[in-house]
Undergrad: 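One structure, pasted below without further comment.
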Amino acid sequence: MQEETKQPGTVTLNVDGISTTADRGTPLLEVIRGLGINVPTLCHHPLVEPYGVCRLCTVEVVRGRRRRLVTSCNYPAQDGISVLTGSDRVLKGRRMIAELLLARCPDVKEVSEIARSLGVEKSRFPAADEKCVLCGLCVKVCRDVVGAGVLTFESRGPGRVVTTAYGGSSDRCIDCGACAQVCPTGHIRMVDESGLAVHHEELLLGPNKAIGIPFMQAVPAVPVIDRETCIHFKTGGCGVCSEACEKQAIDHKAQDTFVEIEVGSIVAATGFKPFDPAAMAQYGYGRLGNVMTALEFEQLNNASGPTGGKILMTDGQQPESVALIHCVGSRDKNHHEYCSRVCSMMALKYAHLIHEKTGASVYDFFIDLRCFGKGYEEFYNRLLEEGVFFIRGRAAEVSDFAIYEAERGKLVVRCEDTMIGILRRIPVDMVVLMTALTPAAGVESVARRLNLSRSKDGFFLEQHPKLAPVATPTDGVFIAGACQGPKDIPDSVAQASAAAAAAISLSVRGQVQIEPVTCKVDPERCAGCRLCNTLCPFTAITFDAGERVSSINDATCKGCGTCAAACPSSAIEARHFNDRQVLAEIEGVCA
Amino acid sequence: MTFEPKIVGILCNWCSYTGADLAGTARITYAPNVRIVRVMCSGRVDPTFVLHALRGGADGVLIAGCHPGDCHYQAGNYKAMRRYELLKRVLDQFGVEPARVRLEWVSASEGERFASIVNDMTDKIRALGPFKEAQG
């Protein structure tokens with residue numbers, strides 16, 4: 001008896017004289033390509049069920065005495081068959097198919113390349129002028145993968161076309177672009193209907209995809225799914241990413257979870273939020289296309305950004321003149337009174353880059369130039385030599401209203417030049433607003449949770465501006481960076497290092513020193529009224545329901561004594577400031 | 001001899017006591033009538049302290065704490081303010097003139113302000129006369 005070595009469900013077949021095994025039902029195309037044999041295809045796509053419509057993948061299958069031509073993309077592997085991928089019959093058939101395709105789409109590069117590889121230079125059939133090969137990939141992707149079902153075939157025979165219902169634009173189209181991506185001939189393209197070459201407001205901080213690492217320096221550098229743009233969350237379809245991920249790490253059903261972590265100390269570094277200049281209508285942000293914020297410019301200028309670091313206007317051209325407007329939303333009693341500190345140097349950096357990259361004239365509208373750091377003043381002097389125009393005066397308005405011929409088609413910045421004491425109108429191509437740094441969104445709830453106080457401008461208040469610049473009134477909570485006040489990167493790094501060191505020094509010591517000034521409850525006298533419980537700003541007082549008395553945690557009590565002052569049964573003693581001591585002192589000073 | 005009032009100043013450790021200290025280090029001249037008792041927070045001030053001072057011979061009591069929002073203990077000064085409002089009603093019922101007990105906000109940088117409050121309070125109480133005599 002012959003030994004059975006074959007696995008169940010495995011078949012043995014012969015491809016161009018090579019014997020190979022495959023799982024039963026595997027499409028022949030996969031088996032053939034797995035052997036390194038090239039088979040041309042137009043309508044094949046790994047995401048879509050094989051359809052056998054372009055017929056370029058035709059091969060000859062021999063079973064016993066029977067020979068027939070089949071499309072390999074949807075013909076299943078079977079036991080004992082021989083497959084010929086380059087027989088005369090196959091090549092003749094493919095050449096005919098290529099000729100017919102070429103006749104339909106003579107100007108499509110992909111089709112003519114395949115035809116040329118088969119030795120077909122010209123078609124004998126009358127040429128049409130089509131770009132669509134009717135492969136139907138777009139229809140299948142839209143229906144089966146995306147789940148939108150917008151595209152469909154219409155009519156039959158020679159009149160067959162791919163279209164949407166009633167041929168118009170569809171409400172169900174989610175602009176995913178999957179059809180354009182799979183189209184083998186470039187017949188379907190994504191079109192921006194706004195007619196703008198560059199959208200400055202839409203330059204995002206990260207890659208423009210539904211799944212990706214949120215921004216370039218993200219920690220941890222793990223991709224996340226954006227529910228707003230992910231096709232799966234729009235139509236329930238797609239899921240291409242989870243198929244592509246070999247580690248099966250993608251779970252569309254994952255929910256947000258709350259994780260409780262016990263820590264010894266906390267560093268709050270919640271950063272800032274840029275001021276929204278739409279609140280200052282005079283600068284035309286959101287209304288005039290080439291007016292942008294500093295952050296949008298930063299992204300435009302980013303070498304790995306959407307424009308590859310090219311500074312472009314909305315029409316895709318380089319600007320010939322650029323205005324930089326300082327103090328937008330800061331040093332302004334109507335918005336934020338404080339100085340945002342970084343804007344002057346940021347504007348100088350932009351002036352230098354614009355000058356270097358585009359050669360444009362740069363107009364810098366400032367109130368004061370605050371070049372406070374190491375090497376900053378020297379940088380300003382260098383810009384003066386580079387020929388940047390510095391105009392002292394707050395820009396009053398940016399408009400597209402032209403009075404003079406030179407202003408036509410440009411943005412006009414109006415301002416008072418306080419150096420020479422006249423009003424000026426300066427036509428420019430692009431305006432960058434140096435927006436203020438404002439407290440981050442949600443800073444109130446962070447402050448409440450960590451028991452932090454905030455200064456008048458909304459930033460976190462440090463314990464002491466000089467002696468304890470990273471500490472807060474709550475022990476073990478430190479602050480670093482722009483959440484404490486506007487600051488530049490070197491200052492943020494310095495403060496963050498200090499905060500980290502302060503946090504580490506607490507952990508390393510292994511014990512915490514507490515002030516001797518704390519309060520104590522005398523359980524004999526406590527009536528259990530719980531008045532003090534809610535009064536304590538540090539939640540140091542807890543109520544023992546069993547004993548029906550309150551007690552104070554020495555580690556969290558700061559000794560302010562407000563509980564001692566309130567206790568109706570005088571059960572709380574403020575150590576070092578107890579009633580006896582204070583009253584004796586009062587008697588002493590009155591004597 | 002003119003009457004010199006005795007004023008007990010109960011000052012919070014973080015703002016007003018430091019403010020009073022600043023008045024001294026800045027060599028600001030002010031009435032010597034105030035005698036200072038330090039507490040950790042104006043929220044520590046039990047209304048009985050005030051009553052005790054008046055009974056013990058003081059002609060006026062000044063309670064001073066951090067400005068609202070600046071409390072080292074977050075909200076002790078607000079608690080002091082609430083207790084002070086209640087205390088004022090009690091004092092009124094006892095027939096104590098309202099000018100004799102004051103709650104003021106003095107920050108650590110306001111030595112000048114501390115001096116002017118003390119001067120003002122001294123003048124007003126001097127005009128009112130001794131507390132014990134007024135009580136009969």
Side-chain angles (χ1 to χ4, degrees), chain A residues 447-448 450-456 458 461 463-468 471-475 515-519 531-532 534-540 556-568 570 572-591, chain B residues 5-14 17-18 32-63 65-84 86-87 108-109 131-132:
Chain A
R448 213 174 305 124
L450 298 180
N451 251 335
L452 300 178
S453 38
R454 297 196 293 148
S455 46
K456 202 173 67 184
L461 196 65
Q463 195 171 22
H464 189 283
K466 293 191 186 103
L467 302 176
T472 66
T474 314
D475 280 348
E515 289 288 322
V517 183
T518 55
C519 296
L531 187 69
C532 52
T534 48
L535 219 48
C536 181
F538 307 101
T539 55
T556 43
C557 173
K558 298 285 169 98
C560 70
T562 192
C563 53
C567 183
S570 297
I572 302 180
E573 181 193 347
R575 289 194 187 105
H576 301 278
F577 289 90
N578 67 30
D579 285 1
R580 214 156 35 83
Q581 287 168 321
V582 175
L583 293 179
E585 207 175 334
I586 289 172
E587 275 166 31
V589 297
C590 288
Chain B
K6 253 185 247 169
I7 301 170
V8 175
I10 309 179
L11 310 188
C12 103
N13 178 54
W14 302 96
Y17 191 80
T18 321
N33 303 58
V34 71
R35 289 124 196 248
I36 292 169
V37 173
R38 178 172 72 106
V39 289
M40 290 309 280
C41 177
S42 53
R44 171 70 185 101
V45 181
D46 188 330
T48 54
F49 293 175
V50 178
L51 301 176
H52 198 81
L54 292 174
R55 200 177 61 194
D59 300 303
V61 179
L62 168 67
I63 307 163
C66 307
H67 282 273
D70 284 350
C71 180
H72 185 76
Y73 303 106
Q74 294 175 31
N77 47 2
Y78 288 107
K79 285 158 193 156
M81 191 159 69
R82 273 188 270 168
R83 288 173 194 146
Y84 173 68
L86 290 172
L87 177 64
S109 57
F131 178 61
K132 277 275 157 72

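Values in this document were obtained by computation on a predicted structure and should not be read as measured data.
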Undergrad: Heavy-atom distance under 4.5 Å to chain B: side chain of Ala566(A), backbone, both or neither?
TA: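 For Ala566(A), the contact with chain B is made by backbone and side chain together.
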Undergrad: Does any non-hydrogen side-chain atom of Val8(B) lie less than 4.5 Å from one of Cys590(A)?
TA: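 Touching, per the 4.5 Å side-chain cut-off.
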Undergrad: With chain A as the partner, which of Cys71(B), Gly43(B), Ser42(B), Gly76(B) has the greatest number of non-hydrogen pairs under 4.5 Å?
TA: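 The candidate making the most pairs under 4.5 Å is Gly43(B).
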Undergrad: Please look at Leu452(A) and chain B and tell me whether the side chain, the backbone, both or neither of the residue comes under 4.5 angstrom of a heavy atom of that chain.
TA: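 Neither part.
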Undergrad: Please identify, among His72(B), Arg83(B), Lys6(B), the residue contributing the most non-hydrogen atom pairs under 4.5 Å to chain A.
TA: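 Highest number of pairs under 4.5 Å: Arg83(B).
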Undergrad: Show the nearest heavy-atom pair for residues Val589(A) and Arg35(B), with the distance to one decimal.
TA: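 That would be O-NH1, 2.7 Å.
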Undergrad: Kindly compute the distance separating NZ (Lys79(B)) from SG (Cys560(A)), expressed to the nearest 0.5 Å.
TA: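 So the gap between those two atoms works out to 6.0 Å.
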Undergrad: Please look at Gln463(A) and chain B and tell me whether the side chain, the backbone, both or neither of the residue comes under 4.5 angstrom of a heavy atom of that chain.
TA: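 Contact with chain B is through the side chain of Gln463(A) alone.
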Undergrad: Are more than 12 heavy atoms from other residues, nucleotides or ligands located less than 6.0 Å from atom CD of Gln581(A)?
TA: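 Counting neighbours around CD of Gln581(A), more than 12 heavy atoms of other residues, nucleotides or ligands fall under 6.0 Å, so yes.
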Undergrad: Can you tell me how far CG of Asp46(B) sits from CD1 of Ile572(A), rounded to the nearest 0.5 angstrom?
TA: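 It comes to 11.0 Å.
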Undergrad: For the atom pair CG (Asp70(B)) and CG (Leu461(A)), what is the distance rounded to the nearest 0.5 Å?
TA: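 Asp70(B) CG to Leu461(A) CG: 7.5 Å, rounded to 0.5 Å.
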Undergrad: Which answer fits Ala75(B), side chain, backbone, both or neither, if we ask what part of it has an atom under 4.5 Å from a heavy atom of chain A?
TA: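 Nothing of Ala75(B), per the 4.5 Å heavy-atom cut-off to chain A.
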Undergrad: On a heavy-atom basis, which atom in Gln74(B) and which in Pro537(A) lie closest, and how many Å separate them?
TA: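 Of all heavy-atom pairs spanning Gln74(B) and Pro537(A), the closest is OE1-O, 3.9 Å.
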Undergrad: What's the shortest heavy-atom distance between Phe577(A) and Arg38(B), and which atoms?
TA: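 Minimum heavy-atom separation between Phe577(A) and Arg38(B): CE2-O, 3.1 Å.
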Undergrad: Can you tell me which portion of Val37(B) sits under 4.5 Å from chain A's heavy atoms? Options are side chain, backbone, both or neither.
TA: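 Contact with chain A involves both backbone and side-chain atoms of Val37(B).
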Undergrad: Roughly how far apart are His52(B) NE2 and Ile586(A) CD1, rounded to 0.5 Å?
TA: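 One gets 6.5 Å once the value is rounded to the nearest 0.5 Å.
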Undergrad: Which atoms form the tightest heavy-atom contact between Met40(B) and Val517(A), and what is the distance?
TA: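 Minimum heavy-atom contact is CG-CG1, 3.8 Å.
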Undergrad: Side chains of Tyr73(B) and Thr562(A), heavy atoms from C-beta outward: is any pair under 4.5 Å?
TA: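 No, every pair of side-chain atoms sits at 4.5 Å or beyond.
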Undergrad: Using every non-hydrogen atom in the two residues, find where Arg44(B) and Asn578(A) come nearest and quote the distance to one decimal.
TA: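 Closest pair (atom of Arg44(B), atom of Asn578(A), distance): NH2-C, 3.6 Å.
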